[in-house]
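Computed from a predicted model, the values in this text were never measured in an experiment.
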Amino acid sequence: MISNSQKDINLIPITPESHNQVCKLLTKNLKFIKLALLPAMVMVLHSCAKPGVPSGGAKDITPPVVVESSPEKDATKFEGNKIEIKFNKFVQLKDLNKAFVISPPMKKKPEVVIRGKSMIVRFLEDLKPNTTYRLYFGDAIVDLHESNPLRNYDFVFSTGDYVDSLSLRGRVLNAFDNMPNKDGIFVMLYNKFQDSIPRKQLPMYITKASSEGWFTITNIKPDSFMVFALKDLNQNYRFDNPSEAIAFSDTIININSKYYLPKDSLFTKLDTMRSDSLRKVTIPFKPQVVLHSFVEANLKQYLKKYSRSLPERIDLLFNNPLHDTLNITPLNFNNKNCLLKDHPIKNDSLLTYWITDTAIVHNDTLKLKITYPVLDSLANYKPKNDTISLVYRKPKPKGRASKTSTVTTLQIDCSCIEKPNVDLNDKVYLTAQYPISDIEMTNFYLYKSEEAKKIPVKFKLVHDSVLLRRYEVKFPIEPGYSYSLTADSAAFTSIYKLANDSLSWGFKTQQDDYYGTIKLTVANVHEQMILQLMNERDNLVTQKIITKDQLIVFDFLAPGKYKVKAIYDTNGNKVWDTGNFKKKIQPERVLYFKKELSIRSNWDDEEKWTLE
């Protein structure tokens, strides 16, 4: 029942226009509103600021859905220059440059823009007649608010009367370690087979392998193709950079009806769900082709860098290890025999020379002609000459010091500093700062500790046959002892008359029951093989060369996890060799033992490996 006072009130219906007017009025006169009305006003203003947006609720986890497109997907006889795809929600593009691939590729990549709930693809060059095009976006299309991706989205259409429907599936792995390229690698099809084609022309079809190396090239017409993979560093779809990793099939592949692939099996239907026992990777389908990628060996030889960091030292860095000896001819001094050759421990491309003539050491500038072998266009070695000028500049003094510090003692390093627990199959080395001219053995002492006693140990210092400044401390290593090695002053004297100060190093040897052993019987060996033992960080522990079926023993192994790698050493040079596309040489084959080996102390693991 309505009272008389209520009847006198004019009820005005609330419309969006009147709602906005009230909001503006209240906002304008907010400072004149009594404090008692503030809570109600806050609620009204909040509704003015966010009309129609509900609060709370579950997070949206659904990806965008295509509601329509112009033309329709799988359309034929397309003649336009743009495609518009509409979604059920607002969308944005994420990492489009990495994900988007159009096949066949175009010289000018299409322009892709977002307008609200629509994506527009505009072609910047004419489309080919009677051609099926596939635009692959990967996971680049995401919704605006939650970034939910539309997985593996592609759009296919044809400028001809039908859409090509054949497919090729496979995998690309790194030839050296059988691992995929995490950043993805392009896989290409060419229907021309000259060696120069990948260097000069765009492929007919292209796709991008996943982070696990799997790829599917779809919508292929029946034809014969060369399969080529490329890590395209300069993004031009051509093999024109010697640093780009490549892979290629040994044979031409005839794409015919047996390569037909139903649409529902592209990404959802899995042919197999087995897992690689070593790499722990789910295998989504049986590959029709497996490619092994590599970077071609750069046979061009050149001097990369040269320096004179010390007045008595010359460093020459080449891009590759030299094929033969290097000849040096002085140009502004006469004593050619004053250069003493050295070898760095970890770099075969770096050559170091020490200047033994102190008069020449004090020259600010040394000019040299260096002669080294390079390959000509016919793959024959010929001498190349480079003229270099080496300038030594004294380092500027730091702070207020007026003079730079002068080296007065010879520095000696011991390998036990980096590894104080010496394995029973290790060697202990001393490395001098400069080449050594004299050793006083009576100034060296080696002791082992036993029940608080120091027992002298006989030893020898053996000069390394390759490394000029390194000496092996040769002694009978016994398990479970603490050793101390000391050198009195002037035990070593360098060619520059510098002597060492007194030095002392300590190290321990492991107990003999600390180690485990792998006994691996290798069968089906038909050529020279390199058997490598790798730790769980893929670092080389040791390797053995075999030429026949035999038992291989890896001993003195610290507890941990190991992998065994086999390299088919086809050319017998005892190293893994890369391939060559022009000569149609594949990289040397690499296999891994089927499982990871866990080694415990005082334990032998016996395994058998029949090579494929």
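Side chain of Gln301 to backbone of Asn320: a donor-acceptor contact under 3.5 angstrom is found. Within the 3.5 Å criterion, the main-chain N or O of Lys77 finds no donor-acceptor partner in the side chain of Thr159. Between the Gln92 side chain and the Leu144 main chain, a donor and an acceptor come within less than 3.5 Å of each other. Within the 3.5 Å criterion, the main-chain N or O of Pro63 finds no donor-acceptor partner in the side chain of Asp143. Distance alone, capped at 3.5 Å, is enough to place a donor-acceptor pair between the Thr131 side chain and the Pro129 backbone.
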Stepwise salt bridge (charged side-chain N to carboxylate O under 4.0 Å, His left out) check, Arg171 with Glu212:
CA-CA 8 Å; Arg171 198 179 189 197; Glu212 289 297 335; 3.8 Å; yes
Show your reasoning for whether side chain to side chain donor-acceptor pair (under 3.5 Å) applies to Tyr592 and Asp177.
CA-CA 8 Å; Tyr592 280 84; Asp177 58 12; 5.6 Å; no
Could you walk me through whether Thr216 and Leu168 pass the side chain to side chain contact (heavy atoms under 4.5 Å, CB included) test, one step at a time?
CA-CA 6 Å; Thr216 302; Leu168 177 68; over 6 Å; no
Run the ring pair (Phe, Tyr, Trp, His ring centres under 6.0 Å) check on Phe318 and Tyr372 step by step: do they pass?
CA-CA 10 Å; Phe318 292 85; Tyr372 54 96; 5.0 Å; yes
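Salt-bridge formation is detected for the pair Lys73/Asp154: a Lys NZ or Arg NE/NH1/NH2 atom is positioned less than 4.0 Å from an Asp or Glu carboxylate oxygen. Salt-bridge annotation for Lys200 and Asp240: absent, with no side-chain N of the basic residue lying under 4.0 Å from a carboxylate O of the acidic one. A salt bridge links Lys563 with Asp538: the distance from a Lys NZ or Arg NE/NH1/NH2 to an Asp or Glu carboxylate oxygen falls below 4.0 Å. Taking 4.0 Å as the cut-off between side-chain N and carboxylate O, Asp376 and Lys382 do not count as a salt-bridged pair. The residues Arg115 and Glu84 are annotated as not salt-bridged, no charged nitrogen and carboxylate oxygen being separated by less than 4.0 angstrom. Ion pair Asp426/Lys419 flagged as a salt bridge, since at least one NZ, NE, NH1 or NH2 atom sits closer than 4.0 Å to an Asp/Glu carboxylate oxygen. At a threshold of 4.0 Å, the pair Arg589-Glu527 does not count as salt-bridged, since none of the basic side-chain nitrogens sits closer than that to a carboxylate oxygen. Looking at Lys582 and Asp195, no side-chain N of the basic residue comes within less than 4.0 Å of a carboxylate O on the acidic one, giving no salt bridge.
Across all non-hydrogen atoms, the minimal contact from Leu135 to Val121 is CD2-CG1, 3.6 Å.
Applying the side-chain contact (heavy atoms from CB on, under 4.5 Å) criterion to Ser349, with sequence neighbours excluded, gives Leu317, Pro321, Asn347. With sequence neighbours excluded, no residue forms a ring pair (Phe, Tyr, Trp, His ring centres under 6.0 Å) with Phe87.
Between the CG atom of Asn181 and the OG atom of Ser210 there is a distance of 10.5 Å, given to the nearest 0.5 Å. Taken from NE2 in His292 to CD1 in Ile246, the straight-line distance is 14.0 Å, to the nearest 0.5 Å. Note that CZ of Phe176 and OG of Ser293 are 12.5 Å apart. Values are rounded to the nearest 0.5 Å. One finds the NZ atom of Lys208 at 12.5 Å from the CZ atom of Phe100 (value rounded to the nearest 0.5 Å). We find the CG-CD1 distance between Leu189 and Ile253 to be 8.0 Å, quoted to the nearest 0.5 Å. Rounded to the nearest 0.5 Å, atoms CD1 (Ile552) and CD (Glu607) are 14.0 Å apart.
Figure legend: cation-pi geometry between Lys584 and Phe581, with NZ or CZ positioned under 6.0 Å from the six-membered ring centre and within 45° of its axis.
Residue Lys384 places its NZ atom among more than 12 non-hydrogen atoms of other residues, nucleotides or ligands, all under 6.0 Å distant. In this structure, Leu540 places its CG atom where more than 12 heavy-atom neighbours from other residues, nucleotides or ligands lie under 6.0 Å away. For Asp126, the CG atom counts as loosely surrounded, since its 6.0 Å shell holds 12 or fewer non-hydrogen atoms of other residues, nucleotides or ligands. Heavy-atom neighbours of Glu72 CD from other residues, nucleotides or ligands within 6.0 Å: at or below the threshold of 12. Surrounding NZ of Lys182 are more than 12 heavy atoms belonging to other residues, nucleotides or ligands, all under 6.0 Å away.
Between Ile255 and the choices Asp223, Ile220, Asn191, the side chain to side chain contact (heavy atoms under 4.5 Å, CB included) rule is met once, by Ile220.
Ring pair Tyr133/Phe157: centre-to-centre distance below 6.0 Å. The six-membered or imidazole ring of Tyr190 lies away from that of Phe225, with a centre-to-centre distance of 6.0 Å or more. Aromatic rings of Tyr562 and Phe554 (six-membered ring for Trp) have centroids beyond the 6.0 Å cut-off, not under it. For an aromatic pair to be called close, the ring centres must be under 6.0 Å apart, and Phe186 with Tyr237 satisfies this.
With no hydrogens or angles considered, no side-chain donor-acceptor pair links Thr352 and Asp342 at under 3.5 Å. Residues Lys89 and Thr62 bring a donor and an acceptor atom of their side chains to less than 3.5 Å of each other.
Using a 4.5 Å heavy-atom threshold, the side chains of Val575 and Asp577 count as touching.
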